[in-house]
Amino acid sequence: MTRKIVVTSALPYANGPIHIGHLVEYLQTDIWVRFQKLCGNSCLYFCADDTHGTPVMIRAKQEGITPEQLIERVRGEHLRDFTGFGIEFDNYYSTHSPENRQFSERIYQGAKDRGSIVKRGIEQAYCEEDRMWLPDRYIKGTCPKCQAPDQYGDSCDVCGAHYRPTELINPYSSLSGKTPVWKNSTHIFFRLSDYETQLRNLMDAGYVQPQVRNKMEEWFQAGLKDWDISRDGPYFGFAIPGETDKYFYVWLDAPIGYMASCKNYCDRNGLDFERVWNGGEYELYHFIGKDIMYFHALFWPATLLAAGYRTANKLFVHGFLTVNGQKMSKSKGTFITAETYLRHLDPEYLRYYYASKLAPGVDDLDLSFEDFVFKVNADLVGKFANLASRSVPMITKKLGGRVGRIDEAGRRLLAALQAAKDSIVADYESLNYSAAVRTIVALADECNQYVDNHKPWSTIDADPEGTRTVLTTVVNAVRYLTIYLKPILPGFAAKVETCLEVPPLTIADIATVFEDRPIRPFERLAERVDKDKVAVMVEESKEQSQPAASTPAVPEAAPVVPQLAEPLEPVCTIEDFSKVDLRIARIARAEAVEGADKLLKLELDLGALNKQVFAGIAKAYTPEQLVGRLVVCVANLQPRKMRFGVSDGMVLASGPGGKDVFLLAADSGAQPGQRVH
RNA sequence: GGCGGUGUAGCUCAGUUGGUUAGAGCGUGGGAUUCAUAAGCCUAAGGUCGGUGGUUCAAAUCCACCCGCCGCCA
């Protein structure tokens, strides 16, 4: 029976680029959607940019453009990045849309009619300089408990204390630097506790995974508190009807963006939104990260219930991405944007890698570059692509480009492939992609063993027809494997479909065989991933983040509290410091690097030894200026392989980069090779 | 700090309701091959299942405490 399904991914916020962390969710969702379509189900995938709120307003102001201009631009960038990764939305909309306003107002009215809207005054920080209310995260000051300076308005990073922003000592706006004043303002609250019973019923009905449910239980026991859904102007968002200068909090209208995107699609495609969203005919699933569980497991269903809308069948919660076992880091170059990735690597690699590690739980997923390279090369290329590559060309080159029929031995192999269907389908359906991939890889192993056992390369001259039978079996095996992998690897699948000259493969094709047909010349299905390319991508991610880090948020404003553009690192002991072996070096040679406009290739004379170092100082120094100079270098830095060669150290310099780079020099008398203490 | 999640071979992960000698892939060593993208096949080595204590005939699995990592505290 054909199912009808609506799927959403969380809406990315419109003030930053898509990065490989975001992609865990969009790829997880896209694979599921493609899987449903492969199974012949009708599946609609909706998303949008989340556009409202203070950060967007401030960012637009900094860039000297309107919020509307900013969100339009960012939406285009986001969609470009998603498309680059093969993520196919049926509609990618915006929360700054007429549909979203309409649904927000309707849901608010629904809650009001149910008596779930209450008002009360709260005290909040107001900046008279910028004439705006300050969210807690924009207020900084000295921690009332441990006196640490420059802590955020809600908690202290140094001692971990929690407090109210009013308790901060010497509070200041992180935007203007001015001291805020405390003013009273009436806010509008949604009484979440009115929906506790209904929410609990939802949990009982299997709305979330068990791990998430435990967390829910904790929240229920703590008691559901009223939710502040209003913000005072100026605020980039929807005005609240019947109020003066009050706007819906961004988190109220963000998930409503799912509905808006769906409505917009329905209107453009002749579908009845009420039927699709509310009719019960369609299943509805939301994919989200565990950081926004609270909003999607409590507020969102509660507001829908308030307005009489249906809630989702299930929430699929996933964990975060770590890179090489750690949080993504700009300084380590592991904060990799989708755009940067696509400039260096094939998106199918990441799709395969994530799929090979995704499970239904909320565990974090680790992207280890070493593992990434091995896995892509061993499985994707060595097992799948190579299986086709070692058999199909023999048919096109030596057997007239035609597959024949399959014999008994071939049928046994193919039967094993067919028999795996139910388990693979079940694994995809339950988001256990890693299990599906394990099964598929094991099948590919069997296929490769089959090829080795039948040695078509040694029989082809003596027994061409027998060999054709063997190779026909392999082609059929490749076809089945491709079907199983298609949700994960759409590009790979498209190449196989072209080679076989067949219409898009579906799961139903598992029941059929491919015999007595011509095939087209073989095109390589996937290239090996070069680990140097990964290294270059990481290197580039480091370079990109430097200017951003050194650009002050608001250049004109002079902060009252002194702050370094680059904050101090945590304390380092003398032992830590002694690990860094600094040496005086004389620049023996310097030359420009072809193909890199920031790099100079330096040969450093350290007395007894010479080192080759690539330094990102070409914008600031010409090679001629450098030869003969004494500099300080990190002599025991782990060598790094770059596109242009190995860099075996680093010369010390200050400055934000670009033209503003200032090399450290040594007073005369210092000798190359001397250690700096 | 409170709470939730998590910790299994060098790496990434499976381990069903507690039940023989704890598995897979990658990586590493050895072997036989050479059709194929230095891919594929055969084979070997590798683990006190975070720690301690407990329940049990039996614990990676259940319980308590501790340690590490991730997150939430609206």
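Worth saying up front: this structure is predicted, and the values here are computed from it rather than measured. Throughout, protein chains are lettered first and strands after them, A, B, ... in sequence-line order, and every chain is numbered starting at 1.
- In this structure, the separation between CH2 on A/Trp133 and CZ on A/Arg231 is 12.0 Å, given to the nearest 0.5 Å.
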Seminar exercise, completed: Its dot-bracket string being built from Watson-Crick and G-U pairs below 3.5 Å, with | for another strand and [ ] for crossing, RNA chain B has the pattern (((((((..((((.....[...)))).((((.........)))).....(((((..]....)))))))))))).
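- In this entry the distance linking CZ of A/Phe369 with P of B/rC11 reads 17 Å, nearest Å.
- Looking at A/Gln198, its side chain never comes within 3.5 Å of a backbone N or O of A/Ala302 through a donor-acceptor pair.
- Taking side-chain N and O atoms only, A/Gln209 has no distance below 4.0 Å to OP1 or OP2 of B/rG5.
- Rounding to whole angstrom units, CE of residue A/Met293 and C1' of B/rG5 are separated by 9 Å.
- Listed here is the closest heavy atom pair of A/Ala254 and A/Leu11: O-CD1, 3.0 Å.
- Between the OH atom of A/Tyr353 and the P atom of B/rG25 there is a distance of 17 Å, given to the nearest Å.
- With C1' as the reference atom, B/rC41 and B/rA32 are 8 Å apart, rounded to whole Å.
- Spacing between B/rU61 and B/rU55 at atom C1', rounded to whole Å, works out to 14 Å.
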Exercise. Reading nucleotides 29-38 of chain B 5' to 3', which nucleotides get B (base under 4.0 Å from a protein heavy atom), which S (sugar-phosphate only), which -?
Worked result: -----SBBB-
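- For A/Asn15, the side chain to side chain donor-acceptor pair (under 3.5 Å) criterion is met by no residue, not counting sequence neighbours.
- Rounded to whole angstrom, the span from the CG atom of A/Leu321 across to the C1' atom of B/rU6 amounts to 16 Å.
- Note: A/Trp300 and A/Tyr258 have perpendicular aromatic rings, judged against thresholds of 30 and 60 degrees for the angle between ring planes.
- The side chain of A/Asp363 has B/rG5 as its nearest neighbour among B/rG5, B/rC41, B/rC72.
- Heavy-atom distances to RNA chain B give each of A/Asn377 and A/Asp366 a nearest nucleotide, and the one nearer the 5′ end belongs to A/Asp366.
- A 4.5 Å side-chain heavy-atom check between A/Met328 and A/Ile20 finds at least one atom pair inside the cut-off.
- Side chains of A/Leu414 and A/Thr473 form a contact here, defined as non-hydrogen atoms less than 4.5 Å apart.
- Looking at the side chain of A/Ala359, the nearest of the listed nucleotides B/rA14, B/rU12, B/rC41 is B/rA14.
- Two rings, from A/Phe335 and A/His19, have their centers less than 6.0 Å apart.
- Nucleotides B/rG47 and B/rG23, compared at atom C1', are 11 Å apart to the nearest Å.
- As judged by a 4.0 angstrom heavy-atom cut-off over every strand, A/Gly223 is placed among the base-contacting residues.
- Across the C1' atoms, B/rG46 and B/rG29 are found 11 Å apart, a figure rounded to whole Å.
- Aromatic ring pairs are classed by plane angle as parallel below 30°, tilted from 30° to 60° and perpendicular above 60°; the pair A/Tyr349 and A/Phe372 is perpendicular.
- If you check residues 472-494 of chain A against RNA chain B, you find no residue with a heavy atom closer than 4.0 Å.
- The A/Lys290 side chain lies nearest to B/rG71 when the options are B/rG25, B/rG71, B/rC13.
- Looking at A/Trp32 and A/Pro487, their side chains never come closer than 4.5 Å, going by heavy atoms from C-beta outward.
- Remark: A/Asn214 is in phosphate contact with B/rG5, judged by side-chain N or O atoms under 4.0 Å from OP1 or OP2.
- Scanning for side chain to side chain donor-acceptor pair (under 3.5 Å) contacts around A/Asn377 gives an empty result, with sequence neighbours left out.
- Cation-pi check for A/Arg351 over A/Phe85 is not met; the charged atom does not lie both under 6.0 angstrom from the ring centroid and within 45 degrees of its normal.
- Among the atoms of the strands shown, only primed sugar atoms or phosphate atoms (P, OP1, OP2) are found under 4.0 Å from some heavy atom of A/Lys357.
- Comparing the same atom, C1', in B/rA9 and in B/rG4 gives a spacing of 29 Å after rounding to whole Å.
- No engagement by A/Trp251 is indicated, since no non-hydrogen atom pair under 4.0 Å with the nucleic acid exists.
- Comparing B/rA60 with B/rG19, their C1' atoms sit 13 Å apart, to the nearest whole Å.
- Note: CG (A/Leu358) to P (B/rU12) measures 16 Å, nearest angstrom.
- Comparing the C1' positions of B/rC26 and B/rC67 gives an interatomic distance of 30 Å, to the nearest angstrom.
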Seminar exercise, completed: Quick tally for nucleotides 60-65 of chain B: nucleotides whose base has a protein heavy atom under 4.0 Å get B, sugar-phosphate-only ones S, the rest -, giving ------
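- For A/Lys533, the NZ atom is loosely surrounded, since the number of other residues' heavy atoms within 6.0 Å does not exceed 12.
- Spacing between atom CG of A/Asn432 and atom P of B/rC13 amounts to 13 Å, rounded to whole angstrom units.
- Within 90° of 0 lies the glycosidic angle of B/rG46, which makes this nucleotide syn.
- Contact detail for A/Ile18 and A/Pro12: the closest heavy-atom pair is CD1-CB, 3.9 Å.
- Between B/rA22 and B/rA58, the two C1' atoms lie 15 Å apart (nearest whole Å).
- The OH atom of A/Tyr433 sits 18 Å away from the C1' atom of B/rC13 (whole-angstrom rounding).
- Where A/Ser356 and A/Leu224 each meet RNA chain B at their nearest nucleotide, the meeting point lying more 5' is that of A/Ser356.
- Counting to the nearest Å, the P atom of B/rG27 and the CZ atom of A/Phe374 are 6 Å from each other.
- Closest non-hydrogen pair, A/Asp232 versus A/Lys246, comes out as OD1-NZ, 2.5 Å.
- Aromatic pair A/His52/A/Phe238: ring centres closer than 6.0 Å.
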